[in-house]
Every structure is written in structure tokens, then in C-alpha cells.
Amino acid sequence: MAPSEGPAEGSLMAVLTLEAPPEPPRPPARPSPLALARYAWHQLTSMRTALLLLFLLALAAVPGSLLPQRGVNPLQVGEFFRRHPTLAPLLDRFSLFDVFAAPWFAAIYLLLVVSLAGCALPRTVQHVTTLRARPPAPPRNLSRLPAYERWETDAEPAAVLAAARRVLRGWRVDGHPSSARTPPALAAERGHLRTTGNLLFHLALLVLLAGVAIGGLFGYRGTVLVKEGEGFANALSQYDNFRPGRVFRPTALTPFAFVLDDFRATYQEAGPTRGAPRTFDARVRYRDAPDGPLRPYDIRVNHPLRIGAAKVYLIGHGYAPRVRVTDGRGAVVFDAAVPFLPQDANFTSNGVVKVPDARPEQLGFSGFFTPTTVPSPRGLTSAFPAARNPALVLLAWSGDLGLDSGIPQSVYTLDTDKLTRRATRALGVGDRWQLPDGLGTVTFTGHTEWATFQVTYDPGKRLALVAALLVVAGLLLSLSVRRRRVWVRADRTEGGRTVVEIAGVARTGGVGVGLEVRDLARRIRAATSSRAHPEGE
Amino acid sequence: MPVDPGLSTWSDTLLFAAVVAYALAMVAHAAELAFAGRAPVRRAPRVASAVLAGAGGPPVVATVPASPAPERRGTVVGRLAIALTALGWAAHLASAVTRGLAAGRVPWGNMYEFSSMVALLAVTAYLVLAARRAAGGLGVFVLLPVVLLLGLAGTVLYVPAGPLVPALDSYWIKIHVAAAIVAAGTFTVAAVATVLYLVRAGYDTGRARGASAATARGLGRLLPTAEALDCTAYRTIAFAFPVWTFAIIAGAIWAEAAWGRYWGWDPKETWSFVSWVVYAGYLHARTTAGWRGGRAALVALVGFAALVFNFFGVNLWITGLHSYAGL
């Protein structure tokens, strides 16, 4: 993928050509395995293939943004399956819900990596030799170059070239003494940093991918929901959702624990953006060793807790209404806060309460929680995200919750197959609801808040960051430095004067070599004229 | 920090003034193009000889021409057009500054403000090119999307000045979003130059084939040379691409601090990636035989389309972690 730097140096064509690609080899007529392999390798590392792979990669990423992705939002994937029961399994067969982990996506980027490495590594070796090479000899006819200046002077050719050498400070200059056929000349070259930057860019991309791979192999990411007053210890069983790297070992889990003491959210109270969140603040106490002391910390958005190599982020929050259920026998069979999942910006939240211990029948409730409750045409709704006037609307079911069937259930949904719908009621804080048929009573006793935390460990990210900064540095060099060559020739004419010719060519997509040559010519002229006429005009 | 309603109103008024100035400038630019630019057919050889000073040899291989066409200057209407653009730019800048002061933060915290800033940077890029005499003929075509974007911003996307949501409340917004704005503004000018390049190249091809009446009257006749337009497009993209790369990296660093991972294929990230890859493809296509010229130009336009979709499409239609950037 590194742009080709042209064919062998020396000839006029080689001097002028900016990006002459080598003639691609034909597929061998009588293919021996080796020849075929060489042909395939050449095709793979050619710029055309790299281009094609780049476009394929871009195209392949598109469905990953249009279809819900398991790695990004598994809930949406489930929703998509419910809505498109025939289409979804078909799409799933082509890994379209896991695009960025799909074999075909991996195939494209692995080919691209091979193409990149196969192109950049040999060129790096080549570039190191080029760095020490002399600038190419001047072509015979300088006036055919894109930038050309010519003038006559009384100064000696040697003096002109000496002046030119001084003017060309910072250039790589090579002298060409006069020979039988050619007058003395200078060859100068500048801007090797362009190629250096270009190669740096491509090599840094490879390192960046290595950093990503290391993180993907050895790291982990898990999320956990914690209610106020409850805690979390960093162990696999504690996570609600855990995504380990391919070669992750549970021993890589940093031992730490924390307790969520208080979660506070504040919102915009007035104005057109009323209700927009202002601050989220999770106050925790944590310990970074099993018997270490508890230390307080505020985990906020953009302000994670760092424990060893792991980081704990605040990624979500919500309400957990507290419900007390007394069953038909008069026993308190449930008294806990149940996390409900927010459905809108004002935190109207859905959830279920399962009471398997209730007798004579098991009880289940589905419902919603509104933190700032107002009536609406469709029933109760929430008008503000803070809990100013909480209410809980419950639909009561009785029968068999299906918890013993052995099929794992979500804690956020009720399997209503073997349940009978009983009654609905809206409850304010402290309200007690007598269920029909002596099934028991339900009391809405208040609420707590919960927060979701994400724990991540990515051992490759520092390498990725360094590589990413080198990527930018390489890009800046390769796009801002111009690689160009200049030749100066000074020839004694019959009349005893000296004809000076200067010509230049930009070797890679840059502009303004004409201006530069004009400027160099002006300075050489000034230097030689002052030498020729020390007293001035 | 409380919002200052007086300053906020000033910001809105200044933006309106900027749109009016840009619209007038557009008319002046169009007039300049139509009346002062009558002579490109006659002057084309002169421009070419200036570019390839003393060439005369075989076709000199140059992926990028030596220099863009010199700015048509000297016409009163042309100078008026630039002056009106600069005036609009000053009002636009003042609008952004007062908006920032009113809300007590950087003035790029939502779609409205971001659109306005991208438009401001597009005009800035145009004025920089104009100062370097590399923007000949671009005026109308840069100001057209600028005025449309500002019109959209002021009506559909408008939200009153207010504080940032917590997710955006980080110093990274200054770095990441500023880089994205500079890149997007410059890419916009690059896209305009690319479209004009294709128009002009099509006109040239038509003329080479024997000019029919239709092509001879075409817009291409009024435009700078294809080489000059291609050069402007390349230079703007070569400037914007590293900035865009940096914006993505800064976004990744911010994402690591805010969400616990530096890359997670959020739709915004995915489309940034798509546009980055396509623009990288453009830079490679320019140096690949068979892709130079028209094909590379189309690649650049696809990259710009991905960029535009990343802003409007992803913000308005796709739910993702960047959803707060919406209305």
C-alpha cells in the first residue's frame, strides 16, 4: 500500500516518472506452484488489490452500523429477531449481527494486513538503501523538465556551482565534474522524509492493529448493575454480562471490590432543555486488595475509577422500586428493590417482580415506574427524570412462574404461559393493594437508584495509542513534505560567458516546484553576481 | 453556568446577518463567474504555459499540476464578492463566539452549533485558498452548501443555548470536536472542488471530442482548468485527512475515558471509519495507474458522502452512543 516510488533511478524516464508502477507480471503460462505463488503474492501486494480491499472493508463495515450488533447492543438484536422472524435468522447466518467479528470481515482485513505488510516491509528496506544513495545524475536536456530557468553570467562555472552548493544547504547534493561531453553540474535531492513518513504511517498501522489484537486476546469487559447499598466484587459470577478476550484467563481479573453508597443525578430544571441530564455521580467505597482499606471515590461520566490495570466506568442508571408482598397466608414473602429498565428520557421504567414463594399461588407482577408522575391520555407517564412524585403501576398475575422448568429466564420479563391475569393498580409511595381472591397484598414502599458499571481491562491500548500517534505523525510527514530533485549546470560558452541552467521536478504529488526553482535561481544569481562584481553594479 | 440570553440573541442575529452576507456574496460570485469569466477558452493556453514554464517536451508526468490557475482578480464584482464573503465570515465568527460566551462553553455542543461551525470552517478554508489565489471560480459553489447548511441549522436543527449534557462535559470536546469541525469544513471545500473538477473534465472531454453546442455552453466553460481544480481538491484533502485522522484518534481516547473502550463500532465510529478508509483509498487511487483523475475524484466524493451521512444520517436515524449529539 505504500505508494510506489518509481523504477530504477538514472534514466530520464525514471527521473520524471512520479509513480510508474512496475509492469504487473502475467500469470505464468505453464504454472509451476512456485510461479503461481509468486504471481498470487504480487497480485495481493499490488496497489490495485490494496485499493479494492480498502473499499471492500469500508463497504463491509456499513451493515454493522445499519443492523443492530450483538457486541454493541444485544437487546436491539433480540428486538430485531422478534420483529423480523423470517429475515433475522437468514441475516444471522451471514453473521450480519456480528459484522465486526464475522469471518468474512476478518478475511478482508487479514488480507489487507498481509497486503500492507507485504508492501511496506520490503519498501522500508529499499528506502533505507535509498537514503544512502546519491541523487541521480542530471538528465541531458534540463529544459524538458517541468520547472526550468536559464541565465548567463560572467562568473566562472566553478564559482556558480560553489554558490549553488551554498544556496542548496539542507539538500542532499552531489557534484558531477565536467566530462568530455557534459559540463559540470550539481544534482540535489530533498524530501526523503516524505517516504519516511509514508512508511512510518503504514508500519504504525500494523503496530496499531497489533495493539488492538493484544487487547482483544488478553483483555476483558464486563458490565454489572449495582443497586444503592449493594456491592460488587471482581469475579466472573458477579457480572451480568462478560466478554472475555480469546485467551483470557479468570486469573487476569484484578482483585477489587466496591460498594455503591449513593447515586445522584441532576437534571436541567428549567428552560427549553428541561430534563436534560446535568451530572451523574456514583459515590462508592472500594478496596483494591481483599484485606485493604475501603477508600471513597466518585465515579462519574468521563471520570472512571482506575484500579490496577482495570478501569470501572459509570455507563447507566435507573430506578428500582421497592415492593413488599404478603401472600395469602399472611407471610411476607418478598421485600426488595427491583431494578426497572428506563424506557424514555424521563425514566418511565419497565420491569417485573417475581414472587415464587407466594402461596397458595406464585405471584408475578409486570409494570412500570414513573419518577415524576403526571396523568396523560394513555394513562400515567413521567414528566421529569428525577423522582419528584414516584408511582408504580402493576399488573398482577398468579399461577406458575415457570422458574422450575430449567429454561433460564430474564429477570426483566415474565413468562406468562402458565399465569393468569388478575388485576391492575397504580400505587403511590406507601399505598397498599389488596389482591383479589385472597392472593395477598402488595405495598409500594419507596425506591432506590441503581447504576450500571463497566469494568474493562485492555493490555493493548497503550501500544495502540502510541501507534495511532505515529500514524498521524507519518501522515503529516508524507502529506506535507515534498520530494523533489534539482539540477544545476554551468557551461562556458564560446563568448566566455557562463550559461547557468537550473531545473527541478517534484517526485511525488506536490506542487510549486516551479516556484522553488525560480527562488533557487534567484538566490544563486544573487550570490554569483555579487561574487562577479564585488564592488556592486 | 447560567445562560446569558442577551448574548444568545446576539449570536442568533449575527448568524442571520452572516447568512444574508453569504447570500449576497454568492450572487456577486455568480455574477463574477458569468460576466468576468468569459475568457477561459482564450486564456487557457496562457494559464497552461504559466504552469509548465518552458515545458514544451513530451507530456510531463505530474500527478499534481505545478500550480492552480491564478485568481481572476481586478473585477469590481469579484472584489465585492470576496469582501461580502469576508464580512459574512466575520459575522459568522462573532456569532460562534457570542454563542460560546452565552452558554459558557465551547460553541460546538449540539448539531446546530456543529453545523454552524463546519460552515464557518468551510468559508475559512475558502478564504485561505482565495488569499493564496487558489480558489478561482469556487466562490458560488462553496457558499451554496454553506448557505443551505446554515439555513438547515437555523431552522430544523436550532436549539437555544444551554449547558452540555454530562457525556460531553470533558475537555476532549475541545480537541475531538474541534478537529472534526476543521476536517469536515475542509472536506466540504474539497468536495466542491472535486465536483467542479468532474464538471470541467467532462467539458474538456466533450470539447476534445468535437464541441457540440451543449458542451460549449456548459458550466465547465466558466470554471478554472481541470488541473487547477484537481490540485485544489488534492491539497484540501491532504490537509483535512491528517486532521480527520487525529479527530478519530482523539475521539477514541475520549471514548476510552468515557465509555471504557477506545473503539466499539458504535455507528458514529463505524461511519468515521468508513469515510477514513475511503479517503485513504482516494490518496492511494491518485498514485495508482488507471485510477487517477475521474475515478479518484469519484472516490473522494464517496468519502464525502460517508462523512455527510455520519453527521446527518447517524445522528438522526440511527441510535447509538453519539445520540446526545442530536437535536
Side-chain angles (χ1 to χ4, degrees), chain A residues 1 3-4 16-19 21 47-48 50-51 54-55 57-58 61-62 64-66 69 71-72 100 143-148 212 221 268 271-273 276-280 300-302 304 311 313 315 454 456 458 461 464-465 468-469 471-472 475-476 479 506 509-515, chain B residues 3 51-58 60-67 159-160 162-163 165-167 169-170 231 234-235 238-239 241-242 245-246 249 252-253 256-267 270-271 273-274 277-278 280-281 284-291 306 314 318 320:
Chain A
M1 295 222 306
S4 53
L16 281 177
T17 309
L18 298 168
E19 301 293 344
M47 183 83 102
R48 251 165 243 251
L51 260 184
L54 268 178
F55 295 143
L57 189 68
V62 170
S65 77
L66 301 179
Q69 297 294 300
V72 178
F100 305 108
S143 66
R144 286 170 65 170
L145 295 183
Y148 175 73
V212 173
R221 175 147 57 104
Q268 195 73 25
T273 51
R278 291 293 312 275
T279 59
F280 300 126
R300 298 189 297 268
V301 180
N302 287 316
K311 279 184 170 182
Y313 298 83
I315 58 168
Q454 175 169 285
T456 59
D458 185 341
K461 73 184 171 196
L465 176 62
L469 295 177
V471 162
V472 176
L475 257 186
L476 285 176
L479 290 174
V511 280
V513 72
L515 281 178
Chain B
V3 173
V51 170
L52 303 169
V60 173
V61 206
T63 47
V64 171
S67 119
V159 285
V165 295
D169 195 3
S170 157
C231 171
Y234 170 74
R235 286 208 288 184
F239 173 81
F241 186 70
T245 310
F246 175 76
I249 290 170
I253 297 173
E256 200 276 331
W259 302 324
R261 85 288 184 290
Y262 57 86
W263 197 265
W265 297 111
D266 175 68
T270 305
W271 280 93
F273 173 79
V274 169
V277 165
V278 176
H284 285 95
R286 286 185 65 86
T287 61
T288 305
W291 280 81
V314 172
I318 303 178

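Proteins come first, then strands; the chains are lettered A, B, ... in the order of their sequence lines, and each starts at number 1. Atoms considered below: every heavy atom in the structure, side chains included; atoms not considered: hydrogens, waters and symmetry mates.
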Could I get the full list of ring pair (Phe, Tyr, Trp, His ring centres under 6.0 Å) partners for Phe246(B), not counting sequence neighbours?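 Ring pair (Phe, Tyr, Trp, His ring centres under 6.0 Å) check on Phe246(B) returns nothing, list empty.
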[options]: which one forms the most heavy-atom pairs within less than 4.5 Å of chain B?
| options | result |
| --- | --- |
| Pro277(A), Ala276(A), Ala61(A), Gly64(A) | Pro277(A) |
| Ile315(A), Asn302(A), Leu66(A) | Asn302(A) |
| Asp458(A), Leu475(A), Val212(A) | Leu475(A) |

Heavy-atom pair of closest approach, residues [X] and [Y]:
| X | Y | value |
| --- | --- | --- |
| Ala238(B) | Leu479(A) | O-CD1, 3.5 Å |
| Ala257(B) | Tyr313(A) | O-CE2, 3.3 Å |
| Val278(B) | Ala58(A) | CG2-CB, 3.9 Å |
| Phe55(A) | Gly281(B) | CE2-CA, 4.0 Å |
| Ser65(A) | Pro267(B) | CB-CA, 4.1 Å |

Between Met47(A) and Trp291(B), is a side-chain contact (heavy atoms from CB on, under 4.5 Å) present by the stated rule, with each step listed? CA-CA 11 Å; Met47(A) 183 83 102; Trp291(B) 280 81; over 6 Å; no
Taking the inter-plane angle between the rings of Trp265(B) and Phe100(A) on a 0 to 90° scale, is it parallel (under 30°), tilted (30 to 60°) or perpendicular (over 60°)?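 Geometry flag for Phe100(A) against Trp265(B): parallel rings.
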Separation of [Y] [atom2] from [X] [atom1] (nearest 0.5 Å):
| X | Y | atom1 | atom2 | result |
| --- | --- | --- | --- | --- |
| Leu469(A) | Thr245(B) | CG | OG1 | 12.0 Å |
| Gln69(A) | Asp266(B) | CD | CG | 11.5 Å |
| Leu465(A) | Glu256(B) | CG | CD | 9.0 Å |
| Thr456(A) | Arg261(B) | OG1 | CZ | 10.0 Å |

Which atoms of Lys311(A) approach chain B - backbone, side chain, both or neither, heavy atom under 4.5 Å: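 The answer is the side chain of Lys311(A).
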For the side chain of Tyr262(B) and the backbone of Ala464(A), is there at least one donor-acceptor N/O pair under 3.5 Å apart? no
Give the member of Ala258(B), Pro242(B), Gly260(B), Ala285(B) that has the highest number of heavy-atom pairs under 4.5 Å with chain A.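 Top option by heavy-atom pairs under 4.5 Å: Gly260(B).
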